[in-house]
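To start, the structure itself, in structure tokens.
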Amino acid sequence: MSLPENVSLDFVRSIVAADLKSGKYQGRVHTRFPPEPNGYLHIGHAKSICLNFGIAAENEGGLCNLRFDDTNPCKEEVEYVESIKEDVRWLGFDWGDREYYASDYFDQLYEWALQMIRDGKAYVCDLTAEQTREYRGTLTAPGKNSPYRDRSVEENLDLFERMHSGEFPDGSRTLRAKIDMAAPNMNLRDPVMYRILHASHHRTGDKWCIYPMYDFTHGQSDSIERITHSICTLEFENHRPLYDWYIDALGIYHPQQIEFARLNLTYTVMSKRRLLELVTAGHVRGWDDPRMPTICGLRRRGYSPEAIRGFCERIGVAKFNSTIDIQLLEHCLREDLNKTSPRVMGVLRPLKLVIDNYPEDLVEQMDAVNNPEDPKAGTRKVPFSRELYIEQDDFLEDPPKKYFRLGPGREVRLRYGYFVKCTDFVKDEATGQVTEVHCTYDPETRGGDNPPDGRKVKGTIHWLSAAHAVKAEVRLYDHLCTKEDPSDVPEGGHFTDNLNPKSLEVLTECLVEPSLASAAPGDRFQFERQGYFCVDPDSTADRLVFNRTVTLKDTWAKIQKRE
RNA sequence: UGGGGAAUAGUGUAACGGCAGCACGACUGACUCUGGAUCAGUUAGUCAAGGUUCAAAUCCUUGUUCCCCAGCCA
């Protein structure tokens, strides 16, 4: 894969291209995607994955590692490691045999800590967490030196070794870098390098009771892996001087860190903290709830990897802290699904339609096109008979002028069926609900063709043969939140106040074509005129469950909204 | 009030001293056996004020607004 010459590159790719040209890394391009295994991946991570793996793939010989930044045993679990691997793979990326863990480097990191102590660049500090905070100063006031800052190398070596051997309780001591307590960059005010944590690690077990901080791990991990471009999000910009300091202090290979803005989307939340809260508080049914912006949620919802990748390409990469309109994501989704999804008919809210002049026991097999965007997809047969179901929305007792569907005396085309003209309808006087529509058909319009008399109809509606349709449950989803920015709450409010109570609607009396009886979880379809649907893993042998991935663009709904 | 970043149509994103372009959205219209898709068109922008220059989104000065940093989280 390579990039065309004259297209404009985002600022990260421009830097990579410039480095390639200047020979800064001898023509190497080596990136990495470095998740912490403490949660599920979401679409924001997809942006980073596409960037890192994308840049590697676009450059001859380019590589991208998958590295788990697992320096905090209290929060990390194998379950997350597995889900992350599955999601990255599903998105279409391959890290070959380069699956690394920061925990693989714990021995090396320990050696480096020792080296820094010997060089007088690190010391063991006995301050409590609270004292450490007090000594750090504030954004505007410098901090004070720790009283333990000037311990001898021997004492530091001894204490650190004893921290390592488990002699001290959690939180009693830390190893700190000796930098500058008056530094305007808070990260440089003698940052903690190691803390005592008597906790089992998901990979190293009980081997360690001291764990390196992320800041003392990340830059060196990149260095060990000979990463050329260490791409991360904006909040780590302030940490770059510290990574540089460690790498210079250690005199090791120096990757180049480049920061870009993380992804924000309207009508949803993206932080791990909030997503976790949605799951634990039961606002959604799990990490893979189709309303979640997690990769597994989007997958279950029916998103394709292609759609997500296309989206990530379009949003670009920059340093401006932006929020992307979720409609762009939906556009990319429809763009892909339109090309790839087989068409099928499904009736969400059934209304019986009886064709009074159609033979009682006749069943015709009508030809239907599987995908007008893809001639190779072929055709299928759909059974047609006297009693059908149509969509409740497709009949109006007293239709307005611009309504093209069925109403008393009106004629429409039944897709791939016949022209039918409404002659009568039955209404439940108690509820006011129309329960049955009667019509006659024109035998000269078989297959839905225009009749020889040149008569035309404005509307075409979908239908299902009552005797042949298969029952299904359909779950309709809407935006997770009611506000573009869910954190926009009055004083004392919480983002959950903006959760959309109608984000899920379950319809249990839906009907689909008999051809769908054998559909398997994950299969995607377009229900004509309605949207894209995907078979949910909750489906069983006798009960199909569909998720509505996204609706089709709906001009009529727009007209109605305007009134 | 310290330090680090960032500001271009409604939303994103290009233009790297030389015609402010593209995408999404919105709005028209054409076409259509999906009110889908497709096609054509319209809409709308350089944070502000000065300065340099034949020429400034771009360079300089001053200001404004927004984001990040005071975890023994990442």
Side-chain angles (χ1 to χ4, degrees), chain A residues 7-10 14 34-36 38 69-72 74-76 125 127-129 132-134 136-143 170-176 182-189 191-197 211 213-215 217-218 232-241 259 261 266 272 314-332 334-335 338-339 343 345 368-369 372-373 402-405 413-417 419 445 447-450 456-462 484 526-531 551-559:
Chain A
V7 301
S8 68
L9 301 176
D10 60 67
S14 299
E36 184 193 11
N38 71 340
D69 270 335
D70 54 353
T71 53
N72 186 352
C74 307
K75 293 187 177 173
E76 296 147 7
C125 181
L127 255 25
T128 64
T132 305
R133 192 184 329 122
E134 283 160 11
R136 188 154 32 227
T138 68
L139 293 178
T140 49
D170 285 3
S172 58
R173 285 186 163 87
T174 56
L175 181 72
R176 294 228 256 162
N185 182 338
M186 301 288 284
N187 294 123
L188 265 19
R189 318 245 262 229
V192 172
M193 293 162 60
Y194 268 89
R195 74 285 215 186
I196 302 173
L197 239 37
Y211 290 92
M213 297 289 291
Y214 172 85
D215 279 353
T217 308
H218 190 80
C232 64
T233 44
L234 251 27
E235 68 270 27
F236 293 104
E237 207 154 20
N238 295 327
H239 296 242
R240 179 156 31 96
E259 308 87 6
T266 57
K272 274 190 193 173
R314 284 210 202 194
I315 57 177
V317 181
K319 298 196 75 151
F320 178 64
N321 214 317
S322 62
T323 302
I324 309 281
D325 192 332
I326 198 156
Q327 286 185 98
L328 178 58
L329 177 61
E330 290 171 351
H331 167 82
C332 295
R334 291 188 182 105
E335 187 177 52
N338 174 51
K339 287 183 299 198
R343 316 287 128 128
M345 290 192 281
V369 174
E373 305 293 321
K402 279 162 124 177
Y403 182 84
F404 302 153
R405 285 108 98 152
R413 168 187 292 114
L414 293 177
R415 174 137 244 226
Y416 304 124
F419 278 25
T445 57
D449 290 346
N450 284 324
K456 296 216 168 173
V457 287
K458 285 284 263 186
T460 296
I461 66 174
H462 58 276
E484 275 198 20
Q526 183 198 100
F527 288 6
E528 293 216 21
R529 301 209 302 135
Q530 310 212 84
T551 62
L552 248 27
K553 284 212 268 181
D554 191 344
T555 313
W556 171 240
K558 207 179 275 181
I559 293 168

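In what follows, chains carry the letters A, B, and so on, assigned in the order in which the sequence lines appear, proteins first and then strands, with residues in each chain numbered from 1.
Among the heavy atoms of the strands, none lies under 4.0 Å from A:Phe527. As judged by a 4.0 angstrom heavy-atom cut-off over every strand, A:Pro372 is placed among the base-contacting residues. Contacts of A:Arg189 with the nucleic acid, taken as non-hydrogen atoms under 4.0 Å apart, are absent. Contacts of A:Tyr211 with the nucleic acid, taken as non-hydrogen atoms under 4.0 Å apart, are absent. Counting any heavy atom pair closer than 4.0 Å across all strands shown, A:Glu373 reaches a base atom. Here A:Asn450 lies out of heavy-atom contact (under 4.0 Å) with every strand. Residue contacts shown for A:Thr140 include a base, since a base heavy atom lies under 4.0 Å away. If you check every strand for non-hydrogen atoms under 4.0 Å, A:Gln526 touches a base.
The nearest whole Å value for the distance from the CG atom in A:Leu139 to the P atom in B:G5 is 16 Å. The CD1-C1' distance, from A:Ile326 to B:A23, rounds to 17 Å in whole Å. Atom NE2 of A:His462 is separated from atom C1' of B:G35 by 13 Å (rounded to the nearest Å). Following rounding to the nearest Å, A:Asn338 (CG) and B:C39 (C1') show an atom-to-atom distance of 15 Å. Across the protein-nucleic acid pair, A:His331 atom NE2 and B:A26 atom C1' stand 15 Å apart, rounded to whole Å. Taking atom CD of A:Glu259 as the reference point, atom P of B:G3 lies 19 Å away to the nearest angstrom. Summarising the geometry, the separation between CG on A:Asn185 and P on B:C68 is reported as 16 Å, rounded to the nearest angstrom. Following rounding to the nearest Å, A:Trp556 (CH2) and B:U34 (C1') show an atom-to-atom distance of 16 Å.
Distance alone, capped at 3.5 Å, is enough to place a donor-acceptor pair between the A:Arg413 side chain and the A:Gly448 backbone. Using modelled atom types, no side-chain atom of A:Thr460 and backbone atom of A:Arg415 make a donor-acceptor pair closer than 3.5 Å. Listed for the A:Arg189 side chain is a donor-acceptor partner under 3.5 Å among the backbone atoms of A:Ala183.
Stem analysis of RNA chain B (at least three stacked-register Watson-Crick or G-U pairs, each with both distances under 3.5 Å) gives B:2-7 with B:64-69, B:10-13 with B:21-24, B:25-30 with B:38-43, B:47-51 with B:59-63.
Identified under the salt bridge (Lys or Arg N to Asp or Glu O under 4.0 Å) test for residues 320-332 of chain A, with sequence neighbours left out: none.
Qualifying ring-ring contact (aromatic ring centres under 6.0 Å, His included) partners for A:His239, counting only residues two or more places apart in sequence or in other chains: A:Phe236.
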Atom pairs, protein N/O to nucleotides 27-32 of chain B N/O, distance under 3.5 Å:
unit_1, atom_1, unit_2, atom_2, d
B:C27, OP1, A:Arg562, NH1, 2.9

Set out, line by line, the N/O atom pairs under 3.5 Å between protein and nucleotides 71-74 of chain B.
unit_1, atom_1, unit_2, atom_2, d
B:G71, OP2, A:Arg136, NH2, 3.2
B:C72, OP1, A:Arg136, NH2, 3.1
B:C72, OP2, A:Arg136, NH1, 3.0
B:C72, N3, A:Gly171, O, 3.2
B:C72, N4, A:Leu127, O, 2.6
B:C72, N4, A:Ala129, N, 3.1
B:C72, N4, A:Gly171, O, 3.1
B:C73, OP2, A:Arg195, NE, 3.2
B:C73, OP2, A:Arg195, NH2, 3.0
B:C73, O3', A:Arg195, NH2, 3.1
B:C73, O2', A:Asn72, ND2, 2.9
B:C73, O2', A:Lys75, NZ, 3.4
B:A74, OP1, A:Thr71, OG1, 2.7
B:A74, OP1, A:Arg195, NH1, 3.3
B:A74, OP1, A:Arg195, NH2, 2.8
B:A74, OP2, A:Tyr214, N, 3.0
B:A74, N6, A:His239, NE2, 3.2

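Put simply, the side chain of A:Leu175 does not reach to within 4.5 Å of the side chain of A:Val192, judged on heavy atoms. Side-chain atoms of A:Pro241 and A:Asn185, non-hydrogen and from C-beta on, do get closer than 4.5 Å to each other. At least one side-chain heavy atom of A:Arg314 sits less than 4.5 Å from a side-chain heavy atom of A:Cys332. By the 4.5 Å heavy-atom criterion applied to side chains, A:Trp556 and A:Lys402 are counted as neighbours. Residues A:Met213 and A:Thr174 have side chains not in contact (no heavy-atom distance under 4.5 Å, counting atoms from C-beta outward). Looking at heavy atoms from C-beta onward, A:Leu328 lies in side-chain contact with A:Ile315 at the 4.5 angstrom threshold. A 4.5 Å side-chain heavy-atom check between A:Tyr416 and A:Val369 finds at least one atom pair inside the cut-off.
Considering CG of A:Asn38 and CG of A:Asn72, their distance stands at 8.0 Å, rounded to 0.5 Å. The distance from atom CZ of A:Arg173 to atom CD1 of A:Ile196, rounded to the nearest 0.5 Å, is 7.0 Å.
With C1' as the reference atom, B:C47 and B:A7 are 6 Å apart, rounded to whole Å. One C1' atom belongs to B:U64, the other to B:A49, and the distance between them is 10 Å to the nearest Å. For the C1' atoms, the distance linking B:G17 with B:U46 amounts to 15 Å, nearest Å.
Between B:G35 and A:Lys402, no contact under 4.0 Å exists linking OP1 or OP2 to a side-chain N or O.
No N or O donor and acceptor, one from the side chain of A:Arg529 and one from the base of B:G35, sit under 3.5 Å apart.
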Step-by-step side chain to side chain contact (heavy atoms under 4.5 Å, CB included) determination, A:Thr323 to A:Glu484: CA-CA 9 Å; A:Thr323 302; A:Glu484 275 198 20; over 6 Å; no

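Out of B:G36, B:C68, B:G2, the shortest distance to the side chain of A:Asn238 is found at B:C68.
A syn orientation is assigned to B:G71, its glycosidic angle lying within 90° of 0.
Using a cut-off of 4.0 Å between Lys/Arg side-chain N and Asp/Glu carboxylate O, A:Glu237 and A:Lys319 are scored as salt-bridged.
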How does protein contact run along nucleotides 10-16 of chain B, one letter per nucleotide 5' to 3', with B for base contact, S for sugar-phosphate only, - for none, heavy atoms under 4.0 Å? -SSSS--

